[in-house]
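Accompanying notes for the structure given below.
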2 protein chains.
Amino acid sequence: MLVDTRSCESSAHACSHKRSEDGCADCKVRLISVCSVLALAELEELELLSQHLSFEKGQALFGQGEAANSVYNVIEGALRLTRLLPDGRRQVMGFALPGDFLGLALQERHSVSAEALGPVKTCRFGRHDFAAVVEAKPHLLRSLHERAGYELNLAQDQMLLLGRRTAEEKVAAFLLSLRDRFARTGRCSVTVELPMGRQDVADYLGLTIETVSRILSRLDRAHTILVVPGGVRLLDQDRLRRLAAS
Amino acid sequence: MLVDTRSCESSAHACSHKRSEDGCADCKVRLISVCSVLALAELEELELLSQHLSFEKGQALFGQGEAANSVYNVIEGALRLTRLLPDGRRQVMGFALPGDFLGLALQERHSVSAEALGPVKTCRFGRHDFAAVVEAKPHLLRSLHERAGYELNLAQDQMLLLGRRTAEEKVAAFLLSLRDRFARTGRCSVTVELPMGRQDVADYLGLTIETVSRILSRLDRAHTILVVPGGVRLLDQDRLRRLAAS
DNA sequence: CGTAGGGTTGAGAAAGTTCAAATAATGTGG
DNA sequence: CCACATTATTTGAACTTTCTCAACCCTACG
């Protein structure tokens with residue numbers, strides 16, 4: 001085979017349009033992305049506006065407060081969405097996985113920074129282009145709105161976690177929720193991959209890196225989990241659920 | 001004048017439709033609510049589906065997890081939006097003020113409980129009725145979506161606050177943000193009314209009631225604010241801004 | 001083999017919490 | 001309008017949890 005339909009491996013920058021070989025119809029995340037509500041004809045229309053973009057570990061897709069010129073579908077990899085306080089304190093607002101859409105709100109400016117946690121593949125649109133399509137397709141807007149509602153829900157979960165849970169509850173709840181999210185995109189559900197570093201977890205849970213590390217160690221010693229390189233194996237999910245207090 | 005256009009003062013329960021005297025066109029919050037995007041003809045259409053509902057202090061509009069049969073425009077008063085942990089720990093997700101819309105996401109079930117902090121007047125719609133109108137009016141959906149984006153922003157602000165700010169920063173930021181919100185609905189901006197109790201503030205900021213009280217006292221002693229019954233007077237807003245670290 | 005970047009562990013400090021008690025506000029019936 | 005009951009708020013002291021700072025370990029990699 002001369003033509004690899006998934007050959008769009010540009011190193012960190014836009015690859016040219018190869019629509020005929022790598023179209024939306026074959027998109028790995030089509031059915032779990034906003035695009036799932038589009039008919040094939042509509043997909044083709046959108047496809048003309050799209051561009052595949054890859055990013056390396058650590059690369060920023062955009063920064064908090066920047067003009068939102070682009071919006072993205074995440075196809076592969078994981079991202080960290082963060083906000084900063086003027087003095088450098090950081091809060092991770094969430095992690096984006098395949099099927100997630102960045103720029104959901106279609107706002108003027110990005111409200112968070114987005115950085116790749118590893119190699120990431122995205123499907124990029126100009127915001128105005130995309131907004132124009134949305135304008136013409138109310139059901140797409142409806143899909144975005146549904147997602148926004150879902151995001152709002154997650155944000156509320158996280159507020160409850162940040163405001164009212166103990167460190168141990170936070171870590172336990174985090175592991176379980178990450179497992180659930182991976183499960184939805186069809187990953188193994190016993191071993192939870194942690195594509196982010198300890199500092200990211202800490203900044204997500206409103207803890208310090210030391211506290212996260214200590215609690216993981218403690219859960220490991222209690223045989224509730226097994227800490228392995230690059231992830232965690234959930235040995236006793238029931239106990240974890242009890243610890244998470246949810 | 002025989003007809004008072006704002007006479008709909010039912011005590012805690014639905015008042016009958018008096019559309020001719022108290023219509024959307026005269027609505028106090030029309031210009032700051034989702035309805036601001038509607039033309040007069042559209043308003044009249046919506047008006048037929050609406051119903052004024054009042055609530056007493058402490059009354060619940062709906063509870064977390066309940067089927068969302070209704071959505072509401074807040075016309076007057078203030079509400080507390082909360083989530084509970086199974087063991088009773090509570091997180092206040094936000095406070096709704098006049099012009100706010102409850103049920104923005106149009107989801108099956110309410111993701112929070114909503115309780116009146118004092119006398120509240122609302123404009124109620126059946127969710128399905130409202131959703132049908134939204135379906136027919138993409139610009140209304142667009143307005144809802146914009147609001148959802150704004151809510152998402154606020155939620156992210158709050159996550160940053162909950163996860164990374166100190167108690168003093170939390171309280172200072174809270175007072176300033178409340179002042180800003182009241183300012184947008186045209187209230188005095190030196191004396192900030194606090195329609196919620198200390199426990200509500202604590203549950204909003206992820207603190208205990210004692211800590212909130214102590215910090216307010218400390219700010220008072222430092223002449224940064226003046227604690228008065230039912231509110232707070234901001235004496236030194238610059239210092240407050242510095243304390244808020246934003 | 002040495003170095004760099006994560007990650008883990010320990011000891012002491014600090015920010016908040018908890019528990020208890022005192023002090024305001026608020027509402028109620030006489 | 002007052003006395004009392006009730007609820008909300010404030011304050012203090014002891015205690016916990018989490019943070020800070022410092023050292024150490026491990027793995028990957030040149």
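Convention: sequence-line order gives letters A, B, ...; per-chain numbering from 1.
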Over 60° means perpendicular and under 30° means parallel, so classify the ring planes of A/Tyr72 and A/Phe55, tilted if in between. perpendicular

Between the protein and nucleotides 25-28 of chain C, are there any N/O to N/O pairs under 3.5 Å, and if so, what are the atom names and distances?
none

Less than 4.0 Å between a side-chain N and a carboxylate O, is that true for A/Arg181 and A/Asp100? yes

Flag the pair A/Arg89 and B/Glu169 as a salt bridge only when some basic side-chain nitrogen lies within less than 4.0 angstrom of an acidic carboxylate oxygen. yes

Just call it for A/Leu216: base, sugar-phosphate, or nothing, with non-hydrogen atoms closer than 4.0 Å on any strand. nothing

Looking at B/Arg109 and B/Glu66, does any basic side-chain N land under 4.0 Å from a carboxylate oxygen? no

Is the shortest side-chain heavy-atom distance between A/Thr224 and A/Leu235 below 4.5 Å? no

For A/Asp200 and C/dG5, what is the distance between atoms CG and C1' respectively, to the nearest whole Å? 14 Å

One would report the end-axis bend of the helix from C/dC1-D/dG30 to C/dG30-D/dC1, five pairs per end and rounded to 10 degrees, as 40°

Send over the distance from B/Ile215 CD1 to D/dT9 P, rounded to a whole Å. 16 Å

A/Arg165 CZ to C/dT17 P: how many Å, rounded? 17 Å

Using a heavy-atom cut-off of 4.0 Å across all strands, would you classify A/Ser217 as base, sugar-phosphate, or nothing? sugar-phosphate

Round to the nearest Å and state the distance from B/Leu205 atom CG to C/dT17 atom C1'. 15 Å

Please list, pair by pair, any protein nitrogen or oxygen found under 3.5 Å from a nitrogen or oxygen in nucleotides 18-22 of chain C.
| unit_1 | atom_1 | unit_2 | atom_2 | d |
| --- | --- | --- | --- | --- |
| C/dT18 | O4 | B/Arg214 | NH2 | 2.8 |
| C/dC19 | N4 | B/Glu210 | OE2 | 3.1 |

Short N-O contact, A/Arg80 and A/Asp203, less than 4.0 angstrom: no

Testing the basics here: between B/Ala148 and A/Leu152, what is the closest heavy-atom pair and its distance to 0.1 Å? O-CD1, 4.5 Å

salt_bridge(B/Arg90, B/Asp200) N-O dist < 4.0 Å: yes

Which one, D/dT11, C/dT8, D/dC19, comes nearest to the side chain of A/Leu207? D/dC19

May I have the distance from B/Leu219 (atom CG) to D/dT11 (atom P), rounded to whole angstrom? 12 Å

Please name the pair of heavy atoms, one in B/Ser54 and one in B/Lys121, separated by the smallest distance, quoted to 0.1 Å. OG-CG, 3.7 Å

Short N-O contact, B/Glu210 and B/Arg198, less than 4.0 angstrom: no

Ignoring hydrogens and geometry beyond distance, is a side-chain donor-acceptor pair present between A/Ser113 and A/Gln64 at under 3.5 Å? no

What is the distance, to the nearest angstrom, from the CD atom on B/Gln199 to the C1' atom on D/dT7? 13 Å

